[in-house]
Amino acid sequence: METVVSGIRPTGNLHLGNYFGALRNFLTMQNEHNCYFFIADYHSLTTHPTPGDLHGNVRQILVEYLAAGLDPEKATLYIQSDVPEVAELYLFLNMNAYIGELERCTSFKDKIRQQPENVNAGLLTYPTLMAADILIHRATKVPVGKDQEQHLEMTRTFGNRFNRLYNVDYFPEPQAFNFGNELVKIPGLNGSGKMGKSEGEGNAIYFADEPEAIRKKVMKAVTDSGPTEPNQARPDAIQNIFQLLKVVSAPETYNFFDEMYNTCQIRYGDMKKQLAVDMIAFTEPMRERIKAISADEAYVSKVARLGKEKAQENASKTIREVREIIGFKRF
Ligand code: TRP
């Protein structure tokens, strides 16, 4: 059994792409491993120092992940800022993290370009905070995408450096948990290859979207003037719509429009109408669960309290041992 840690940044609602990306795999992992899933609200301050509704955003993510099937009895589901032990480990790790290696980090260089007016120390030390998230549970596996591999490599560096400096074998080396081809790629609606919040307005279908909003987004999806020859290759934007049909519609529906395309009889308006109907039906159960869970104040609080308790039990043990190793002793 592995100890798994993964953080979710509280930036926006859950969309179809998130679900078919990491989330579906979290649902399997929680049955097989000792999983810690948390909402990275400390991290969000590195880009949004004065968030509009931090609590509301964090709560919404928690609700949506519960609605998707994360089970607080199986996994430890918690909010990062509920476990200040993470901040203490971050402090210790920062003492042995070098400015040079932090400055060379790709995500830092990207952020400098994106927010030149706010290049703060938290941004520079984002990788040490992420290392603290992982090392606080002495995790062995971290389910991350390609974009996070460098951060994971730095986590190993910081953990190994700690072990070497204090001559201990305390932190294990966390490895990436790769889902490989189990990931279903969900394209966006505006012709872009990937569904995502940062890909522009109307590109993503959120589970919390009302049916009318979904219908509007689908009807606005980018198309072209249609095929002119039988069995013509499909341009990306059209292929995207077919891919979405494949995920949310019945196979017969997909085959019907596939046939219509190949025989140059397709009417994109009809295809999008059908996609909208099927998309609304597909997201319906999740939308209803989100509403029901969100309305249950007592349940949401209970989940957050339980997560805090379980995460802190493990985190405080690590901090106690780390203090001991460094040489902080009780008087
Ligand atoms: N940096 C991750 C992201 O942007 C979020 C994250 C923070 C994380 N701490 C983590 C992921 C620890 C895995 C483990 O998606």
Side-chain angles (χ1 to χ4, degrees), residues 2-15 17-23 25-26 29-30 33-48 51 54 57-58 61-62 64-65 70 75-91 93-94 97 102 105-111 114-115 122-159 171-179 183 194-199 204 307 311 314-315 318:
E2 307 277 359
T3 299
V4 178
V5 169
S6 192
I8 302 139
R9 268 175 305 143
T11 54
N13 293 15
L14 189 66
H15 57 68
N18 300 133
Y19 182 74
F20 284 98
L23 187 49
N25 293 291
F26 287 4
M29 275 177 348
Q30 68 182 353
H33 300 291
N34 180 22
C35 292
Y36 293 89
F37 298 129
F38 69 96
I39 299 169
D41 56 349
Y42 282 153
H43 272 112
S44 68
L45 297 183
T46 63
T47 48
H48 297 93
L54 184 57
N57 294 340
V58 168
I61 302 268
L62 181 61
E64 291 184 345
Y65 276 74
L70 283 189
T76 300
L77 267 183
Y78 67 102
I79 294 144
Q80 188 185 30
S81 65
D82 271 345
V83 185
E85 285 82 355
V86 170
E88 187 170 346
L89 184 57
Y90 167 62
L91 181 147
L93 295 175
N94 269 332
L102 294 167
C105 181
T106 313
S107 63
F108 179 64
K109 290 195 239 169
D110 289 345
K111 281 289 185 280
Q114 289 162 13
Q115 52 179 68
L123 210 50
L124 180 69
T125 56
Y126 186 111
T128 11
L129 182 53
M130 180 158 160
D133 294 327
I134 296 167
L135 297 175
I136 196 81
H137 298 301
R138 301 169 76 196
T140 50
K141 286 277 190 250
V142 183
V144 288
K146 269 251 168 294
D147 62 321
Q148 298 296 315
E149 263 167 23
Q150 192 179 29
H151 288 153
L152 191 55
E153 182 61 39
M154 292 172 88
T155 302
R156 288 191 284 268
T157 301
F158 298 145
F171 290 120
E173 268 198 356
Q175 304 297 333
F177 207 125
N178 274 317
F179 309 119
L183 293 185
K194 193 172 165 225
M195 184 175 284
K197 171 179 130 84
S198 50
E199 307 292 322
N314 198 38
T318 302

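One-based numbering, in listed order, for ligands and for the atoms of each. Keep in mind it's a predicted model, so treat the numbers as computed, not measured.
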State, yes or no, whether a side-chain contact exists between [X] and [Y] at a heavy-atom distance under 4.5 Å.
{"X": "Gln150", "Y": "Ser107", "result": "no"}
{"X": "Met29", "Y": "Phe177", "result": "yes"}
{"X": "Gln115", "Y": "Leu123", "result": "yes"}

(message) Give me the atom names and distance for the closest heavy-atom approach of His137 to Asn314.
(response) ND1-ND2, 3.0 Å
(message) Using every non-hydrogen atom in the two residues, find where Val58 and Ile39 come nearest and quote the distance to one decimal.
(response) O-CD1, 3.6 Å
When you pair each N or O of ligand 1 with protein N or O atoms, which pairs come out under 3.5 Å?
{"residue": "ligand 1", "atom": "1 (N)", "partner": "Tyr126", "partner atom": "OH", "Å": "2.8"}
{"residue": "ligand 1", "atom": "1 (N)", "partner": "Gln148", "partner atom": "OE1", "Å": "2.9"}
{"residue": "ligand 1", "atom": "4 (O)", "partner": "Arg9", "partner atom": "NE", "Å": "2.8"}
{"residue": "ligand 1", "atom": "4 (O)", "partner": "Arg9", "partner atom": "NH2", "Å": "3.0"}
{"residue": "ligand 1", "atom": "4 (O)", "partner": "Tyr126", "partner atom": "OH", "Å": "3.3"}
{"residue": "ligand 1", "atom": "4 (O)", "partner": "Gln148", "partner atom": "NE2", "Å": "3.2"}
{"residue": "ligand 1", "atom": "9 (N)", "partner": "Asp133", "partner atom": "OD2", "Å": "2.7"}

(request) Please check if the side chain of Gln80 supplies one atom and the backbone of Tyr42 the other of a donor-acceptor pair under 3.5 Å. (result) yes
